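Written out below as structure tokens is the structure these notes cover.
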Amino acid sequence: MTTPIAAPRRILLGITGGIAAYKSADLVRRLRQQGAEVQVVMTDAATRFVTPLTFQALSGRPVRYGLWDEAAEAAMGHIELARWADLVLVAPASADFLARLAAGRADDLLATLCLATEAPIWVAPAMNRLMWANAATCANVATLTGRGVQLLGPDCGSQACGETGPGRMLEPAAIVEALHAAEGAGALAGLHVVISAGPTREPLDPVRFISNRSSGKMGFAVAAAARDAGARVTLVSGPVSLPTPAGLRRIDVETAAQMYAAVHGAIGDADIYIGAAAVADYTPTCCASQKIKKTSDCLELSLHKAADILASVSALERRPFTVGFAAETNDVERHALGKLVRKHLDLIAANEVGTDRAFDREDNALLLLWPGGRRQLELKSKADLAREFIALVAERYRETPRCAVSPVPALV
Ligand code: PMT
């Protein structure tokens, strides 16, 4: 049975000595593409097959290999490393490493980390077919799986030694696939989450529009975090220059009206809606068919209210759990509570915005408010913040009784 893991974002990748170590370079690349942080730890034997520099370049972090490396120990000691990991993945795992792990040895950094971590341990064995079939290896594998270590593979096929049989390391793509499958045990597993992100553009003429400073970074981080929690995610995005996080469906729109239509087109079977987009409150009454000319000193624009997507979703007869954002420059909590009440939301995430905060920044802070509760999430990277936010959304989703319209909370 696969060990359930909650979206491992911090993966400690152990690489042991074997020709399959070259495949681990591809594995690091793929894991990072999925948004994981990867810390590589190599055994002495592994460094003889592939240089640590290769993994340092691919992972973006210095590789750890020495138990007695003073500089590295000062930076992040082996116990800290063991605590840091959400998952310890050893690929390739040699016969010798499996034996040492089964015996509970602490004779190098990787083995010590495995003893000291509370994170799940997964191993992808790679060795000659006869070594794999040897009674000693079989006994070690049985001991390890009996303790909850997850076995990935090995694959069957032609081996580097020229023989054919079981013992090949599972392909990196298959290992990543196994991780995704295990994430199905996440806090939002089985749920459909629709998220809106980014700005909208309201055209004035063929070349000009009214918009705002939203980059989409917050909403995209929330979408990735919801995916990592096991949700099926539909991301409705205004015009941004961000790559689509892997594994989710993205619908691109420009205007508030298009975003309204796209959200309502996707919301039918949604369990949760999160409105992280900075949608226009007002849109030009008409859009000139040709470029507006500079003919007078003063130009008056006529704007009318844009439909409120969030309020319209929460008013649906079969409403999803509805989460709004509040972007405020002042009186953050008071204004956010007002929106929570007026728009009949289950939860609102308030952020203080300005030219130097929230919009188009890598970090943010959120005040989460819901009927009868509040939680402050301090300033941190939007990726980390989104993970904490999604954990709270999942908690509130589970604890909120499903009803047509959520109870209106009292203003405090
Ligand atoms: O994209 P980034 O650069 O990372 O910046 C992130 C962010 C600051 C844009 C984000 O964290 C945020 O606060 N998003 C909501 C911005 C906003 O429009 O807030 P608001 O207080 O004006 O609107 C309240 C809520 O109503 C929001 O959930 C908004 O999506 C929704 N709304 C507003 C107007 C409208 N016509 N339809 C809506 O659904």
Side-chain angles (χ1 to χ4, degrees), residues 194-202 210-225 235-242 245 253-264 266-267 272-284 303-316 319-370 377 379-386 388-390 393:
V194 176
I195 297 167
S196 61
T200 57
R201 285 179 182 171
E202 308 305 311
I210 299 174
S211 191
N212 59 65
R213 294 177 187 276
S214 172
S215 63
K217 287 175 190 168
M218 190 71 245
F220 274 53
V222 168
L235 175 62
V236 179
S237 176
V240 297
S241 52
L242 296 174
V253 298
E254 284 243 342
T255 64
Q258 289 168 359
M259 188 171 274
Y260 184 101
V263 166
H264 279 277
I267 211 80
I272 298 174
Y273 171 66
I274 302 175
V279 190
D281 288 329
Y282 290 91
T283 186
L303 307 174
H304 66 266
K305 248 188 189 169
D308 193 302
I309 304 167
L310 188 61
S312 69
V313 169
S314 81
L316 289 171
R319 74 197 293 271
F321 182 85
T322 309
V323 182
F325 269 66
E328 311 294 345
T329 54
N330 58 292
D331 292 335
V332 175
E333 185 158 355
R334 187 167 65 83
H335 288 310
L337 271 171
K339 287 173 183 171
L340 180 77
V341 174
R342 277 197 308 281
K343 302 193 187 195
H344 297 290
L345 306 178
D346 294 297
L347 176 71
I348 195 157
N351 41 196
E352 193 176 343
V353 298
T355 49
D356 62 346
R357 60 191 68 185
F359 280 115
D360 201 12
R361 305 266 308 190
E362 299 307 318
D363 52 19
N364 197 11
L366 292 174
L367 172 63
L368 308 182
L369 302 166
W370 63 92
L377 303 182
L379 186 74
K380 50 178 70 79
S381 76
K382 284 181 176 169
D384 285 345
L385 190 66
E388 288 183 25
F389 168 65
I390 282 297
V393 169

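All ligand and atom numbering here is 1-based and tracks the order in the structure. All values reported here derive from a predicted model rather than from experimental measurement. Just so you know, these numbers use all the heavy atoms, side chains as well, and skip hydrogens, waters and symmetry mates.
Atom numbering of ligand 1 starts at 1 in the shown order; those under 4.0 Å from a heavy atom of G324 are 28 (O). Heavy-atom contacts of S214 reach the following atoms of ligand 1: 1 (O), 2 (P), 3 (O), 9 (C) (cutoff under 4.0 Å). Set against the non-hydrogen atoms of A326, the atoms of ligand 1 under 4.0 Å away are 21 (O). Using a 4.0 Å cut-off to heavy atoms of D360, the atoms of ligand 1 that qualify are 2 (P), 3 (O). For ligand 1, the atoms closer than 4.0 angstrom to any heavy atom of F359 are 3 (O), 5 (O), 8 (C), 9 (C). Against a heavy-atom cut-off of under 4.0 Å, K217 is close to the following atoms of ligand 1: 1 (O), 2 (P), 4 (O). Numbered from 1 in the order shown, with element, the atoms of ligand 1 that lie under 4.0 Å from a heavy atom of G275 read 27 (C), 28 (O), 30 (O).
In terms of polar-atom proximity, defined here as any N/O pair under 3.5 Å, M218 does make such a contact with ligand 1. Ligand 1 has an N or O atom lying under 3.5 Å from an N or O atom of G216, backbone or side chain. Looking at ligand 1, you'll find an N or O of L310 within less than 3.5 Å of one of its N or O atoms. Where the criterion is an N or O separation shorter than 3.5 Å, residue side chain and backbone included, Y273 fails it with respect to ligand 1. Considering backbone and side-chain N/O atoms, V353 never comes within less than 3.5 Å of an N/O atom of ligand 1.
Between the side chain of D331 and the backbone N or O of R334 there is no donor-acceptor pair closer than 3.5 Å. For the pair E202 (side chain) and A256 (backbone), a donor-acceptor distance under 3.5 Å is present. The main-chain N or O of L385 is never found under 3.5 Å from a side-chain atom of E388 such that the two would form a donor-acceptor pair. R357 places no side-chain N or O within 3.5 Å of a backbone atom of N364 that could act as its donor or acceptor partner. A donor-acceptor pair under 3.5 Å links the side-chain atoms of S314 to the main chain of K343, judged by distance alone.
Summary of contacts: the protein heavy atom closest to atom 34 (C) of ligand 1 is D281 OD1, 3.3 Å. Nearest to atom 27 (C) of ligand 1 among the protein's heavy atoms is F325 O, 3.0 Å. Atom 26 (O) of ligand 1 has as its closest protein heavy atom K343 NZ, 2.9 Å. Scanning the protein heavy atoms around atom 22 (O) of ligand 1, the nearest turns out to be K339 NZ, 4.1 Å. For atom 2 (P) of ligand 1, the closest non-hydrogen atom on the protein side is S215 OG, 3.4 Å. If you check which protein heavy atom lies closest to atom 18 (O) of ligand 1, you get A278 CA, 3.3 Å. Of all protein heavy atoms, the one closest to atom 37 (N) of ligand 1 is I309 N, 3.1 Å. In this structure, the protein non-hydrogen atom closest to atom 11 (O) of ligand 1 is N351 OD1, 2.5 Å.
Residue contacts with ligand 1 for A276 involve N, CA, C or O but no side-chain atom from C-beta outward (heavy atoms, distance under 4.0 Å). Within the 4.0 Å heavy-atom criterion, the part of A307 lying near ligand 1 is the backbone and not the side chain.
Using a 4.0 Å cut-off between charged side-chain N and carboxylate O, D363 and K382 make no salt bridge. A salt bridge does not link D281 with K305: every distance from a Lys NZ or Arg NE/NH1/NH2 to an Asp or Glu carboxylate oxygen is 4.0 Å or more. Look at K380 and E362 and you find no salt bridge, because none of the NZ, NE, NH1 or NH2 atoms lies under 4.0 Å from a carboxylate O.
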* To do: Given side-chain contact (heavy atoms from CB on, under 4.5 Å), test W370 with L345 step by step and report yes or no.
  => CA-CA 8 Å; W370 63 92; L345 306 178; over 6 Å; no

* Apply side-chain contact (heavy atoms from CB on, under 4.5 Å) to V323 and I348, showing your working. => CA-CA 6 Å; V323 182; I348 195 157; over 6 Å; no

* **Intermediate values then yes/no, side chain to side chain donor-acceptor pair (under 3.5 Å), S196 and Y273** => CA-CA 8 Å; S196 61; Y273 171 66; 3.1 Å; yes

* Please test H264 against S312 for side chain to side chain donor-acceptor pair (under 3.5 Å), starting from the C-alpha separation and ending with a verdict. => CA-CA 9 Å; H264 279 277; S312 69; 2.8 Å; yes

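For the pair A277 and ligand 1, a heavy-atom separation below 4.0 Å is found. Residue A280 places a heavy atom less than 4.0 Å from ligand 1. Heavy atoms of H335 stay at 4.0 angstrom or farther from ligand 1.
The minimum heavy-atom distance between N212 and T200, with the atom names listed, is ND2-N, 4.3 Å. Of all heavy-atom pairs between L369 and A336, the closest is CD1-CB, 3.8 Å. Of all non-hydrogen atoms in P199 and P239, the two that sit nearest each other are O-CD, 3.4 Å.
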